[in-house]
Amino acid sequence: MFDVKYNPGKLKADVGFVKRQLEDHHPALYWYITKKSLDYKFDSLSKSIKEPLSFAQFRYKLACVLADIGDGHMSLLFDQNKLNENDVSKFNGTKVLPLKQLEYEIIGNKLFIARSHDPRIKRGMEIVAIDKKPTRDILKVLTRGMPADGYSTHFKYFVLKKSMFSDIYSAYYGYLDTVSLQLDEGGTSSTVTITSSWESGKFNDPDPRGRSTIEHAIVKNQQGAPAILRVKAFDKITDHIFSDFFAQLKRDSIRSLELDLRGNIGGDHSNMIKLFSYLIDKPTYFAEIFNRNKAGKMEDDLDYGAKTPVQPAADHFDGVLYIYTNEGTFSAASLLAGSLQAIKRGTIIGQETGGGRNGCIGGRFVQFSLPNTSLLLKFGEMQIKIPIQTDFSGRGVVPDIKTVYSFKDFIKKEDLEHKWVIGQIWPEAYKRLWPDGK
């Protein structure tokens, strides 16, 4: 599949097909780009195709145009049902490609090792080049073809460093069984070659809580201690989780709460609305929804908060709220952070969210198979907008307190957001734990 080259006529036909589907079905195609500009980009892409292109070459060119739409939920993927026998092992988990054997961190446009299965490759090493290609150039190329809400690049870097670097790199540069890394460790350079493995590429997490969707803690023996609620995703949340947690906050008279949405890329909208109901003290509209679906039908959980206000939960929390965000706060999690900020509920600490502050495209999704290349185009049918909009169109939720992580913070595994809260609640303890203020 990946070695096939398609003639220009078929590729141009697929470009036209994509443009028509977007015009007919996308709910907010010109939210961040004008019709004139997008028409020009599609026209320029078609005119640039003068010779046969491979699957990967064409996908990247088209993805760069789609990225300018500013829809972070849009995807352009290959159809795994069309894979030939030689390609299947690259995607079914039986073969672990070289770059899948590592985890990454990106700081200041530099790529570092976060975790590794290879004893030659250590946490904190910088990847200067891959197969002699400078990493800075690689990051620029890969992010250019990635979708994100509005004009933000934050979420693109989060996706690369947390889960998808190997997949996105391979889709552009090829699914290689051998990769050479040029590494730097404190000024000492080395070159390491990695090959594909038939062993699991997954990292075992020594903390079993790392496999949970929800983590929470309530400290009873320290006066003024905040409760901590970390929501890693809004999927797989049982009905009693939030109700039990907030009921205990009320029983124990807890007056401050740290809500950690860092790295939460979204999930079930109804679970997010449930959490929102525990953080408000009066009926509140959560969103405005514009539906492109010709039937005009809307799921109940999306309707709730748009046509009817969200009602406060019986055990809602009305104490001091701290909300942690980063570039991985996306979709439903970013909508939650943006809505809380809009109604001035809580203090947001961290980095600008990867999801849009004013809303996103989501809800029900539609998918189209391109007739010639069989690429799959997928996007949402609903424009979800936070009722109180900001003038910073195309940006994420900008925190009230911004934290910036350095390489030293990464190595020491610092939690700057929590440290800031400790400094507010227990300034003396903060000075004792971090006498240099770092």
Side-chain angles (χ1 to χ4, degrees), residues 60 63-64 67 72 97-149 151-174 176 178-194 201 203 262-263 265 324-330 349-354 395-396 398-399 402-417 419 438:
Y60 180 76
C64 287
L97 296 175
L99 296 178
K100 275 279 191 185
Q101 300 167 36
L102 306 170
E103 288 187 356
Y104 307 90
E105 180 63 53
I106 300 174
I107 303 173
N109 212 27
K110 293 182 178 181
L111 186 67
F112 296 92
I113 299 295
R115 287 207 283 182
S116 166
H117 285 296
D118 192 319
R120 301 170 297 171
I121 305 173
K122 302 174 184 177
R123 175 181 168 83
M125 285 182 165
E126 181 187 351
I127 304 176
V128 178
I130 303 176
D131 288 338
K132 298 183 178 180
K133 299 183 292 291
T135 304
R136 285 179 177 269
D137 295 343
I138 291 171
L139 293 176
K140 185 181 298 185
V141 168
L142 297 186
T143 55
R144 178 66 187 89
M146 294 173 64
D149 284 352
Y151 314 117
S152 173
T153 60
H154 305 293
F155 186 64
K156 299 182 183 186
Y157 284 104
F158 175 84
V159 170
L160 283 176
K161 71 183 183 181
K162 288 301 179 184
S163 59
M164 297 293 291
F165 182 81
S166 175
D167 295 336
I168 296 171
Y169 179 93
S170 299
Y172 183 81
Y173 292 104
L176 307 174
T178 301
V179 169
S180 175
L181 302 182
Q182 182 183 336
L183 303 168
D184 180 88
E185 185 180 22
T188 301
S189 297
S190 61
T191 300
V192 174
T193 298
I194 318 174
F203 290 89
R262 293 172 296 186
I265 62 172
Y324 298 163
T325 63
N326 68 2
E327 67 272 27
T329 307
F330 184 71
I349 310 143
Q351 297 92 53
E352 184 176 336
T353 63
R395 294 281 303 276
V398 178
K402 184 178 180 180
T403 56
V404 179
Y405 282 80
S406 67
F407 177 73
K408 288 183 178 180
D409 295 325
F410 161 60
I411 293 297
K412 293 168 65 177
K413 299 184 180 180
E414 292 281 18
D415 186 338
L416 299 185
E417 289 75 34
K419 283 175 67 172
K438 298 292 183 66

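We're numbering straight along the sequence, starting at 1. Everything quoted here is computed from the prediction, not taken from an experiment.
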Do any pairs count as a side-chain hydrogen bond (donor to acceptor under 3.5 Å, both in side chains) and have a residue in residues 124-144, sequence neighbours left out, and if so which ones? D68-R144, K133-Y169

Under the salt bridge (Lys or Arg N to Asp or Glu O under 4.0 Å) test, residues paired with R120 that sit two or more places apart: D118

Considering residues at least two apart in sequence or located in another chain, which fulfil the salt bridge (Lys or Arg N to Asp or Glu O under 4.0 Å) criterion with E352? R395

To the nearest 0.5 Å, what is the distance between CG (L176) and CD1 (I194)? 12.0 Å

Does any part of the side chain of I127, heavy atoms only, come nearer than 4.5 Å to the side chain of L183, both counted from C-beta? yes

Minimum-distance pair of heavy atoms, taken over all atoms of L102 and S116: CD2-OG, 3.4 Å

The test is side chain to side chain contact (heavy atoms under 4.5 Å, CB included); show your working for V159 and F165 and say whether it passes. CA-CA 7 Å; V159 170; F165 182 81; over 6 Å; no

Specify the closest pair of heavy atoms between G145 and A67, including all atoms of both residues, with the distance to one decimal. C-CB, 4.5 Å

Suppose we screen for side-chain contact (heavy atoms from CB on, under 4.5 Å). Which residues come up paired with T178, at least two apart in sequence or across chains? T193, T195

Scanning both residues in full, the closest heavy-atom pair of S189 with D184 reads OG-OD1, 3.9 Å

Could you list the residues that satisfy side chain to side chain donor-acceptor pair (under 3.5 Å) with S190, not counting sequence neighbours? none

For I265, give me all partners under side-chain contact (heavy atoms from CB on, under 4.5 Å), at least two apart in sequence or on another chain. F155, F158, F330

Just to verify, which of L99, L160, V141 counts as forming a side chain to side chain contact (heavy atoms under 4.5 Å, CB included) with I168? L160

I'd like to know if the side chain of K156 reaches the main chain of M146, judged simply by a donor and an acceptor atom lying under 3.5 Å from each other, with no hydrogens or angles considered. yes

Under a 3.5 Å distance rule, please check whether T329 uses its side chain to pair with a backbone N or O of N326 as donor and acceptor. yes

For E105 and R115: C-alpha separation, side-chain torsions, deciding distance, then whether salt bridge (Lys or Arg N to Asp or Glu O under 4.0 Å) applies. CA-CA 9 Å; E105 180 63 53; R115 287 207 283 182; over 6 Å; no

Residues in side-chain contact (heavy atoms from CB on, under 4.5 Å) with S152, at least two apart? H154

Could you pull out all residues at least two apart from A129 that satisfy side-chain contact (heavy atoms from CB on, under 4.5 Å)? Q182

Straight-line distance of N109 CG to Y157 OH, nearest 0.5 Å: 4.0 Å

With sequence neighbours excluded, what pairs up with Q351 under the side chain to side chain donor-acceptor pair (under 3.5 Å) test? T403, E417

Who pairs with R123 by salt bridge (Lys or Arg N to Asp or Glu O under 4.0 Å), at least two apart in sequence or on another chain? none

Sorted by chain and number, sequence neighbours left out, ring pair (Phe, Tyr, Trp, His ring centres under 6.0 Å) with Y405 holds for none

Checking D415 now: which residues fulfil salt bridge (Lys or Arg N to Asp or Glu O under 4.0 Å) with it, not counting sequence neighbours? R262

S180 OG to I130 CD1 distance, which is reported to the nearest 0.5 Å: 9.5 Å

From E185 atom CD to I113 atom CD1, the distance as rounded to the nearest 0.5 Å: 11.0 Å

Assert yes or no for the condition that the ring centre distance of F407 to F112 is strictly below 6.0 Å. yes

With distance as the sole criterion, is a donor-acceptor pair present between the side chains of S170 and D167 under 3.5 Å? no

Nearest 0.5 Å, please: how far is CG in L181 from CG in L111? 9.0 Å

Rounded distance (nearest 0.5 Å) linking atom CD1 of I349 with atom OG1 of T325: 8.5 Å

